[in-house]
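See structure below.
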Amino acid sequence: MADGSRGPKTVAALLLAAGSGERLGAGVPKAFAELAGVSLLVRSLRTLRSSLSVGPIVIVVPEGWLSEAGRVTADSGIAGEVGIVKGGSTRRDSVARGLEALHSHHDAILCHDAARPLASVDLVDRVTERLWASRRGPAGAAEGADGVVPIVPSRDTIKRVRGGWVVETIPREELGLVQTPQAFRAEALREAHARAPSGEAASDDAVLLEAAGFRVAVVDGERSNLKVTTEEDLRMAEHILGTGGGILWSSRS
Ligand code: CTP
Ligand code: MG
């Protein structure tokens, strides 16, 4: 059941594109590298813009890349409110800068990595919708989520390895691989960032909410929503674009 206690919810998005892309080694920051002729940045931007749930978008880019980001954004013809700001030295710092740049009030903030250019508009909508949905907990009380992350279950057996030896096999039933876009109640995201000890690394935002005691719910992610880290991932993404025919692999498969 949707939370209808107030008027329509407003959602802003942060597009995290300020990494250097060292492991990809494209000679440009990863977000500016191209996948089948279109940069990862523009692909992610189009996806966010195509979601009717998303209002303003702030793109966070590396120092020295503001004007190039402005140029590719203008060339892509993407409409609506799009701001571009300089990121920080870690992803967490980049999110913090993006949050500072979002002046106006929004009910929710979506964080998406430019490194995931194949996320679908449907996934953007689903993480956002889940944020407003209420669920009945074990005691029958309605439980709202402070954050929502897409998860795909691990199909592989996972082992802890140390110094070339298997230490243990980790039961995988409760393990999931987390993706972006992730949706957060704006206040919870800001508070989680403010409360986390400075210098504490965070490879996603949900981890900061978890540490602060907020409730993070999950929705089904998409196997096709891979994270481009190395050259091999780019080839894999090209393959998905070329052979997928727009059919997304669901995590239920
Ligand atoms: N990111 C960011 N600011 C940083 C570091 C990362 O906005 N200081 C963003 C990246 O642009 C990317 C996402 O966070 O969209 C996930 O980071 P990752 O995949 O590690 O990208 P890079 O840091 O660019 O890659 P590498 O670690 O290989 O340098
Ligand atoms: Mg990185």
Side-chain angles (χ1 to χ4, degrees), residues 12-35 38-49 54 56-70 72-73 76 78 82-102 109-120 123-124 127 147 149-152 177-184 189-190 192-193 196 198-209 221-222 224-238 240:
L14 298 184
L15 181 54
L16 283 313
S20 57
E22 220 161 282
R23 289 167 289 176
L24 183 62
V28 290
K30 185 159 67 184
F32 295 86
E34 292 190 349
L35 164 60
V38 181
S39 67
L40 304 190
L41 176 64
V42 168
R43 284 185 180 276
S44 297
L45 195 54
R46 281 182 182 159
T47 305
L48 292 173
R49 185 73 305 156
V54 177
I57 301 171
V58 169
I59 311 172
V60 192
V61 301
E63 182 155 25
W65 287 82
L66 284 157
S67 52
E68 177 63 7
V72 299
T73 303
S76 68
I78 283 159
V82 179
I84 304 170
V85 298
K86 190 176 74 172
S89 56
T90 65
R91 187 186 181 284
R92 183 180 158 188
D93 293 338
S94 294
V95 173
R97 300 232 175 140
L99 288 176
E100 277 169 25
L102 274 176
I109 297 174
L110 208 75
C111 295
H112 184 50
D113 288 347
R116 291 189 188 269
L118 301 185
S120 72
L123 184 59
V124 174
V127 290
V149 300
I151 292 268
V152 292
L177 310 174
V178 71
Q179 306 180 333
T180 68
Q182 303 184 349
F184 304 99
L189 180 64
R190 289 186 189 277
H193 269 266
S198 63
E200 191 159 285
S203 55
D204 73 353
D205 300 283
V207 69
L208 299 181
L209 272 85
E222 296 166 338
S224 50
N225 180 20
L226 59 78
K227 176 155 168 284
V228 174
T229 303
T230 64
E231 180 70 28
E232 190 186 8
D233 300 318
L234 259 191
R235 299 286 87 82
M236 187 90 83
E238 278 168 6
I240 292 171

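In what follows, residues are counted from 1 in the order of the sequence shown. Just follow the structure's listing: the first ligand is 1, and inside any ligand the first atom is 1.
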Exercise. What residue and heavy atom of the protein are closest to atom 29 (O) of ligand 1, and at what distance?
Worked result: E22 N, 2.8 Å
Exercise. Purely on distance, is any nitrogen or oxygen of A114 under 3.5 Å from one on ligand 1?
Worked result: yes
For this session: Output yes when a side-chain donor or acceptor of R49 lies under 3.5 Å from a complementary backbone atom of V54, and no otherwise.
Result: yes
Seminar exercise, completed: The protein heavy atom nearest to atom 27 (O) of ligand 1 is R23 NH2, 2.9 Å
Exercise. Ignoring hydrogens and geometry, is there a side-chain-to-backbone donor-acceptor pair from R23 to T230 under 3.5 Å?
Worked result: no
For this session: Select the closest option to atom 24 (O) of ligand 1 among P62, P29, A17, G21, judged by heavy-atom distance.
Result: G21
Seminar exercise, completed: Among G88, A115, P117, G87, closest by heavy atom to atom 8 (N) of ligand 1 is G88
Exercise. When you measure from atom 15 (O) of ligand 1 to every protein heavy atom, which one gives the shortest distance, and what is it?
Worked result: L16 O, 2.8 Å
Exercise. Is a donor on one side and an acceptor on the other found under 3.5 Å between the side chain of Q179 and the backbone of E222?
Worked result: yes
Seminar exercise, completed: Counting from 1 in the order shown, the ligand 1 atoms closer than 4.0 Å to a non-hydrogen atom of S20 are 24 (O), 29 (O)
Exercise. For ligand 1, is there an N or O atom under 3.5 Å from any N or O atom of L24?
Worked result: no
Exercise. Just by distance, do the side chain of R190 and the backbone of L99 share a donor-acceptor pair under 3.5 Å?
Worked result: yes
Exercise. Taking C-beta and beyond as the side chain, do L102 and L14 meet within less than 4.5 Å on heavy atoms?
Worked result: yes
Exercise. Do K30 and S20 touch side chain to side chain, with heavy atoms closer than 4.5 Å?
Worked result: no
For this session: Within a distance under 4.0 Å of any heavy atom of S89, pick out the atoms of ligand 1 and give their elements.
Result: 8 (N)
For this session: Can you sort out which atoms of ligand 1 are near T90, meaning under 4.0 Å from one of its heavy atoms?
Result: 3 (N), 4 (C), 8 (N)
Exercise. Just which atoms of ligand 1 are under 4.0 Å from any heavy atom in D113?
Worked result: 13 (C), 14 (O), 15 (O), 16 (C)
Problem set entry | Member of L110, I84, L45, I78 meeting the side chain to side chain contact (heavy atoms under 4.5 Å, CB included) criterion with I57 | L45
Problem set entry | Heavy-atom nearest neighbour in the protein, as seen from atom 7 (O) of ligand 1, with distance rounded to 0.1 Å | A18 N, 3.0 Å
Exercise. Of S44, A33, S94, which has the heavy atom at the shortest distance from atom 3 (N) of ligand 1?
Worked result: S94
Exercise. Please walk me through it: do L189 and C111 pass side chain to side chain contact (heavy atoms under 4.5 Å, CB included)?
Worked result: CA-CA 10 Å; L189 180 64; C111 295; 4.0 Å; yes
Exercise. Judged by non-hydrogen atoms, does A31 sit under 4.0 Å from ligand 1?
Worked result: no
For this session: Could you tell me whether R91 and D205 have a side-chain N and a carboxylate O separated by less than 4.0 Å?
Result: yes
For this session: Would you check if the side chain of S94 reaches a backbone N or O of L16 as a donor-acceptor pair within less than 3.5 Å?
Result: no
For this session: Considering only non-hydrogen protein atoms, determine which one is nearest to atom 17 (O) of ligand 1 and report residue, atom name and distance to 0.1 Å.
Result: K227 CE, 4.3 Å
Exercise. Heavy atoms, side chains only, cut-off 4.5 Å: are T180 and D204 in contact?
Worked result: no
Problem set entry | Non-hydrogen atom of V60 closer than 4.0 Å to ligand 1 | no
Exercise. Considering distance alone, does some N or O of K30 sit under 3.5 Å from an N or O of ligand 1?
Worked result: yes
Problem set entry | G19, any N or O under 3.5 Å of ligand 1 N or O | yes
